[in-house]
J.: 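Have a look at this one before I ask anything.
Numbering of ligands and ligand atoms starts at 1, following listing order. Along the sequence shown, residues carry numbers from 1. Just so it is clear, the structure is predicted and the values come from calculations on it, not from any experiment.
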Amino acid sequence: MKIVIPKEIIPDEQRIALVPNAAAKLIKAGFEVAVETNAGAASGYPDAAFTEAGAKIAKTAQELYSGANVILKVRPPVLNKSAKKHEIDMMPSGAVLICFLEVLRDPGIAKLLAKNKITSFSMDTVPRISRAQSMDALSSQASAAGYKAAIIAAEASHKFFPMLTTAAGTIPPAKVFIIGAGVAGLQAIATARRLGANVEAFDIRAAAKGEVESLGAKFVQVDLGESAEAEGGYAKEVSEEAKKKEHEAVHQHVAAADIVITTAAVPGKKAPLLVTDDMVNDMKPGSIIIDMAVEQGGNVDSSKPGEVVYKHGVKIIGPINLPGKMSIHTSMMYARNITSLLNLMIKEGKLDINFEDEIIKGCCITHNGEIVHELTKQLLEK
Ligand code: NAD
């Protein structure tokens with residue numbers, strides 16, 4: 001069985017789906033592994049490290065895809081300009097593709113995959129059940145993103161994060177306010193705390209309180225008058241009345257903060273706008289906002305993907321693809337996640353996929369020329 005790892009095409013994507021260590025394990029289990037030349041160069045995994053692990057290096061994507069049974073990628077397939085072909089059109093019919101297909105954002109890709117008879121699995125729809133914890137790439141990548149956001153904030157800030165007692169006077173700790181305490185938010189809290197900041201956090205799910213407090217941060221309690229918890233620990237959209245209450249409560253904490261990091265998201269929906277222009281206006285000049293939801297529509301008024309915007313003396317940063325900026329470790333973590341999922345599909349050295357398995361059902365998008373993922377089908381019908 002030939003497992004292949006193409007070089008990512010989406011601009012600035014520095015991750016690779018498999019690291020040499022993980023490749024060596026698959027080769028030891030009897031599989032052939034081929035990697036497109038320079039696929040790991042940007043993340044510190046040169047071709048030589050893959051050859052040493054026993055993998056083959058393909059000079060072009062075309063050569064790589066030829067005879068491939070399994071394709072492991074990070075980002076969704078796109079047009080390969082040098083080959084003048086869409087990546088999906090280079091994949092052999094019947095092959096298995098595993099990557100972040102991002103179907104909730106763009107379900108259209110499923111049509112092309114089905115047309116070309118690719119059996120595809122999306123890492124972002126793996127059910128978050130305990131048996132699938134080792135396959136949870138959303139969490140591993142979000143955790144790295146949360147860490148990086150706190151570091152970017154510290155770098156951008158002209159204030160110290162920790163309290164300092166010096167001969168030049170006592171400096172109070174920076175006040176960091178984090179909105180959204182999911183995987184990314186919790187890692188941002190932990191990182192800002194380690195740097196010595198005074199951290200407050202808010203999440204619309206009341207259940208986040210315990211996790212926030214266990215990291216030594218203060219949870220901002222708001223009585224919304226309704227539950228914001230959806231299935232699987234996710235948040236759901238709340239009523240206009242609850243949004244108003246949240247807005248009022250968040251306002252004063254944003255105004256008092258030196259740094260605000262927003263991470264709020266609702267699966268399959270545009271990110272909620274939480275930090276409005278009047279709140280930014282009430283912040284002290286020189287304050288920093290990092291909008292981690294900028295790629296999903298943004299939590300902050302005026303934030304722009306990949307840009308830095310100045311508003312009322314506040315620096316608003318809209319970072320894109322933060323996991324890609326931690327590519328040595330995020331590739332390592334992603335490789336662990338993706339091989340765990342692949343191992344679930346393998347028996348005695350061969351692909352043997354149980355389409356009735358809850359994990360497989362949750363993340364299989366296309367099979368046998370059909371779109372089999374219910375949510376993707378619903379999104380396409382809209
Ligand atoms: P996410 O990226 O979908 O959202 C980030 C956070 O934003 C969430 O905590 C959400 O509650 C919050 N949010 C949404 N709307 C908001 C609003 N209007 N105001 C403030 N906050 C808002 O979430 P995620 O990081 O993927 O995690 C979601 C949940 O899944 C968490 O409870 C997490 O603990 C849980 N989880 C479970 C597992 C598992 O069981 N294996 C794994 C990972 C995450």
Side-chain angles (χ1 to χ4, degrees), residues 100 102 104-105 122-147 149 177-190 200-215 217 219-251 253-254 260-276 279 289-301 322-323 333 336-337 340-341 358-359 362-363 375:
F100 276 121
E102 300 174 19
L104 298 188
R105 215 187 295 183
S122 192
M123 293 301 285
D124 44 351
T125 62
V126 170
R128 280 168 142 180
I129 55 173
S130 48
R131 191 164 59 91
Q133 246 171 23
S134 62
M135 308 164 198
D136 188 354
L138 275 182
S139 288
S140 68
Q141 307 301 296
S143 173
Y147 168 86
F177 181 41
I178 293 174
I179 307 179
V183 180
L186 290 172
Q187 192 57 254
I189 294 171
E200 288 185 329
F202 169 71
D203 196 292
I204 200 146
R205 291 177 301 110
K209 180 176 190 283
E211 289 167 311
V212 167
E213 289 175 347
S214 73
L215 294 170
F219 188 71
V220 172
Q221 195 96 39
V222 184
D223 181 10
L224 295 171
E226 64 187 75
S227 164
E229 322 254 348
E231 236 176 82
Y234 286 105
K236 64 176 186 206
E237 255 189 330
V238 290
S239 66
E240 286 307 315
E241 188 57 29
K243 278 185 193 160
K244 223 170 112 197
K245 285 184 182 157
E246 177 180 4
H247 183 89
E248 278 161 20
V250 162
H251 192 141
H253 294 274
V254 168
V260 172
I261 301 176
T262 66
T263 78
V266 178
K269 298 245 156 60
K270 189 173 174 287
L273 174 65
L274 301 174
V275 178
T276 47
M279 295 185 196
I289 303 178
I290 313 272
D291 185 358
M292 286 187 64
V294 73
E295 288 173 277
Q296 285 88 50
N299 293 145
V300 181
D301 194 49
L322 285 176
M333 293 158 102
R336 178 77 62 90
N337 299 141
S340 282
L341 180 60
E358 186 184 359
I359 299 174
C363 66
L375 189 55

J.: Would you say that V266 contacts Y234 through its side chain, given a criterion of any heavy-atom pair below 4.5 Å between the two side chains?
T.: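 Counting from C-beta outward, V266 and Y234 never come under 4.5 Å.
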J.: State if A208 counts as touching ligand 1 under the rule of any non-hydrogen atom under 4.0 Å.
T.: no
J.: Side chain or backbone of S130 under 4.0 Å from ligand 1, or both, or neither, by non-hydrogen atoms?
T.: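 The answer is neither.
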J.: In this structure, does ligand 1 have an atom that sits under 4.0 Å from one of the heavy atoms of L138?
T.: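 L138: no contact with ligand 1 (<4.0 Å).
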J.: Strictly below 4.0 Å, N to O, side chains only: are D223 and K245 in salt-bridge contact?
T.: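 The answer is no: the pair does not qualify as a salt bridge.
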J.: Does ligand 1 have any atom that is closer than 4.0 Å to a heavy atom of A142?
T.: no
J.: Which of the numbered atoms in ligand 1 are below 4.0 angstrom from a heavy atom of E246?
T.: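 Those qualifying, in numeric order: 17 (C), 18 (N), 19 (N), 20 (C).
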J.: Would the distance check show the side chain of E229 and the main-chain N or O of A207 forming a donor-acceptor pair, the cut-off being under 3.5 Å?
T.: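 Confirmed, E229 side chain pairs with A207 backbone.
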J.: Which heavy atom of R128 sits nearest to which heavy atom of S139, and what is that distance?
T.: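 Looking at all heavy atoms of both residues, the shortest contact is NH2-OG, 3.0 Å.
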J.: Compare G146, A207, A265 and give the one whose heavy atom is closest to atom 3 (O) of ligand 1.
T.: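 Selected option, by shortest heavy-atom distance: A265.
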J.: Can you tell me if G185 contacts ligand 1 (heavy atom of the residue under 4.0 Å from the ligand)?
T.: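 Distance cut 4.0 Å: G185 fails for ligand 1.
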J.: Is it the case that more than 12 heavy atoms not belonging to Y147 sit under 6.0 Å from its OH atom?
T.: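 Atom OH in Y147 is not crowded, with 12 or fewer foreign heavy atoms closer than 6.0 Å.
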J.: Is it true that K243 and E240 make a salt bridge, defined as a side-chain N closer than 4.0 Å to a carboxylate O?
T.: yes
J.: Could you tell me, atom by atom, which parts of ligand 1 come under 4.0 Å of a heavy atom of L274?
T.: 17 (C), 18 (N), 19 (N)
J.: Quick one: nearest non-hydrogen protein atom to atom 5 (C) of ligand 1, plus distance?
T.: T263 O, 3.4 Å
J.: Could you work out, for atom 20 (C) of ligand 1, the closest of I204, T262, D124, V238 by heavy-atom distance?
T.: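 Selected option, by shortest heavy-atom distance: I204.
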J.: As a test of understanding, state which of V300, V220, I261, V254 forms a side-chain contact (heavy atoms from CB on, under 4.5 Å) with I179.
T.: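 Running side-chain contact (heavy atoms from CB on, under 4.5 Å) over V300, V220, I261, V254 with I179 returns exactly one hit, V254.
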J.: My understanding is that we take every heavy atom of each candidate and find the minimum distance to atom 25 (O) of ligand 1. Doing that for L273, V222, V183, N299, which one comes out nearest?
T.: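 That would be V183.
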J.: For atom 32 (O) of ligand 1, which protein heavy atom lies nearest, and how many Å away is it?
T.: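 Ranked first by proximity to atom 32 (O) of ligand 1 is R205 NH1, 2.9 Å.
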J.: Between A264 and ligand 1, which part of the residue brings a heavy atom under 4.0 Å of the ligand: side chain, backbone, both or neither?
T.: both
J.: Listing request: all side chain to side chain donor-acceptor pair (under 3.5 Å) pairs with a residue in residues 260-274, at least two apart in sequence or in separate chains.
T.: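 Of all non-adjacent pairs touching residues 260-274, those that pass side chain to side chain donor-acceptor pair (under 3.5 Å) are T262-D291, T262-N299.
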J.: Where is the nearest protein heavy atom to atom 35 (C) of ligand 1: which residue, which atom, and how far?
T.: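 Minimum-distance protein heavy atom for atom 35 (C) of ligand 1 reads G232 O, 4.4 Å.
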J.: For atom 39 (C) of ligand 1, which candidate among E211, E229, R128 holds the nearest heavy atom?
T.: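 It is R128 whose heavy atom sits nearest to atom 39 (C) of ligand 1.
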J.: Output yes when the distance from some N or O of ligand 1 to some N or O of I129 is under 3.5 Å, and no in every other case.
T.: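 In this structure, I129 places no N or O atom under 3.5 Å from an N or O of ligand 1.
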J.: Report yes if S139 has an N/O atom closer than 3.5 Å to an N/O atom of ligand 1; otherwise report no.
T.: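 N/O-N/O distance below 3.5 Å does not exist for this pair.
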J.: Which ligand 1 atoms, with their elements, are less than 4.0 angstrom from a heavy-atom of F202?
T.: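 That gives atoms 19 (N), 20 (C) of ligand 1.
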J.: At less than 4.0 angstrom from any non-hydrogen atom of D136, what atoms of ligand 1 do you find?
T.: 42 (C), 43 (C)
J.: Which atoms of ligand 1 have any heavy atom of G180 under 4.0 Å away?
T.: 7 (O), 21 (N)
J.: For atom 8 (C) of ligand 1, what is the nearest protein heavy atom, given as residue, atom name and distance?
T.: D203 OD2, 3.5 Å
J.: Answer yes or no: is there a side-chain heavy-atom contact under 4.5 Å between V126 and D136?
T.: no
J.: Would you say the side-chain atoms of E226 pair up with the backbone N or O of S239, donor to acceptor, closer than 3.5 Å?
T.: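 At least one qualifying donor-acceptor pair exists.
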J.: Taking only heavy atoms of A235, which atoms of ligand 1 are found under 4.0 Å from at least one of them?
T.: 10 (C), 11 (O), 14 (C)
J.: Heavy atoms only: give me the nearest L322-A149 pair and the separation to one decimal.
T.: CD1-CB, 4.0 Å
J.: Any non-hydrogen protein atom below 4.0 Å of atom 29 (C) of ligand 1?
T.: yes
J.: When you measure from the side chain of T125 to the backbone of S122, do you find a donor-acceptor pair of N or O atoms at a distance under 3.5 Å?
T.: yes
J.: State whether the side chain of D301 and the backbone N or O of T276 hold a donor-acceptor pair below 3.5 Å, judged by distance alone.
T.: no
J.: Partners of S134 by side chain to side chain donor-acceptor pair (under 3.5 Å), sequence neighbours excluded?
T.: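 Only S340 meet the side chain to side chain donor-acceptor pair (under 3.5 Å) criterion with S134.
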